[in-house]
Amino acid sequence: PYTTLFRSTRKYVILFAPTPKCLVMSIRALVVVDPMSTGAFLAPHAQERGLQVIRVYSSDELGDFATHVPEEAANIVFCETLTHTGGLSSDAIAQTAQQLSDFGYEIVGCLAGAECGVEVGEALAEALGLRTNDTSSGAARRNKFLMGERVRESGLRAVKQMKGSAAVWDEIERFLDQEAPTPFKMVVKPLDSCGSDGVYLCTSKEETKAACEAIVGHCNRSEEHTSE
């Protein structure tokens, strides 16, 4: 940002000097971690409310998913962009939080724009002293199995489920024999993908096994390796 010090309309000379940091501090900003897919629309909504928007990528391994932005939000201009590395390690989170603070904006919130940014987004919000969820249970907001179990632990009705892979088919088959309804219907999905990626509605044991084999050992839409 710059402040105009002098303008000569006769000679067309414009002089600039860096805006003092105290002026930048008065500018409020929202951090959006992984503003992709429908989460890309968080940025224009924030800008409509007078906020600057800082874009943070949760990893340097997002691949093509980082370009998965709807056409209507593709031309959004972010005031700053940085890429977080180091996962959820406390040192890595502290370093990225410091980088965000060093930009000099008054950061009013830190939100996840896509599933892959949930845990990093919450950890950054906590490090910045912003309102957020309890990071000790952050995995349950990405891992679909843990998510269902948290619902059950809270005393709410939850679907019967098991976690497994094609490598433990005997255990899966026992679960199917005990729990599959008649007529047979079973949903198979990866633990932590997004956008209905790898979700199968199966009507037989054979389809269920094929779905497990199709999911395990492959990268999901967030460019993460699926092991269960």
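Being a predicted model, the structure only gives us computed values, none of them experimental.
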Nearest heavy-atom pair of [X] and [Y]: which atoms, and what distance?
X: Val33; Y: Cys110; result: CG2-SG, 4.0 Å
X: Val53; Y: Ala43; result: CG2-O, 3.7 Å
X: Pro190; Y: Ile215; result: CB-CG2, 3.8 Å
X: Leu42; Y: Gly113; result: CD1-CA, 4.0 Å
X: Ser58; Y: Cys116; result: OG-O, 3.4 Å
X: Phe184; Y: Ser204; result: CD2-N, 3.2 Å

Student check: side-chain heavy atoms of [X] and [Y] closer than 4.5 Å:
X: Leu128; Y: Ser101; answer: yes
X: Thr208; Y: Leu176; answer: yes
X: Val56; Y: Asp34; answer: no
X: Gln161; Y: Glu149; answer: yes
X: Gln52; Y: Phe103; answer: no
X: Cys212; Y: Val188; answer: yes
X: Thr38; Y: Pro70; answer: no

Apply side chain to side chain contact (heavy atoms under 4.5 Å, CB included) to [X] and list each qualifying residue two or more places apart in sequence or on a separate chain.
X: Thr135; answer: Glu122, Glu126
X: Thr81; answer: Arg55, Tyr57, Phe78
X: Ala158; answer: Val151, Arg152
X: Leu51; answer: Arg28, Leu30, Ala46, Val108

Exercise for the section: State the CG-CG distance between Leu146 and Leu191, to the nearest 0.5 angstrom. Expected result: 8.0 Å
Problem - CD1-CD1 distance between Ile107 and Ile27, expressed to the nearest 0.5 angstrom - result: 12.5 Å
Any chain of hydrophobic side-chain contacts (each under 4.5 Å) joining [X] to [Y]?
X: Phe41; Y: Leu111; answer: no
X: Leu82; Y: Val120; answer: yes
X: Val69; Y: Ile76; answer: no
X: Met147; Y: Phe145; answer: no
X: Leu201; Y: Met186; answer: no

Handout entry: Donor-acceptor pair, side chain of Glu207 and main chain of Thr203, under 3.5 angstrom
Key = yes
Problem - Under 3.5 Å: donor-acceptor pair, side chain of Ser154, backbone of Leu156 - result: no
Completion exercise
For residues 177-186, the side-chain hydrogen bond (donor to acceptor under 3.5 Å, both in side chains) pairs (sequence neighbours left out) are Lys160-Glu179, Asp177-Lys205
Problem - Where at least one partner belongs to residues 82-93, residue pairs that pass side-chain hydrogen bond (donor to acceptor under 3.5 Å, both in side chains), sequence neighbours excluded - result: His84-Thr96
Take a 6.0 Å sphere around [atom1] of [X] and say whether it holds more than 12 heavy atoms from other residues, nucleotides or ligands.
X: Arg150; atom1: CZ; value: no
X: Glu72; atom1: CD; value: yes
X: Asp134; atom1: CG; value: yes

Exercise for the section: For side-chain contact (heavy atoms from CB on, under 4.5 Å), just list the numbers for Ile54 and Val32, CA-CA rounded to whole Å, side-chain angles, deciding distance to a tenth of an Å, and then say yes or no. Expected result: CA-CA 6 Å; Ile54 300 172; Val32 181; over 6 Å; no
Practice task
Quick one: sort the His68 and Phe65 rings into parallel, tilted or perpendicular, breaks at 30° and 60°.
Solution key: parallel
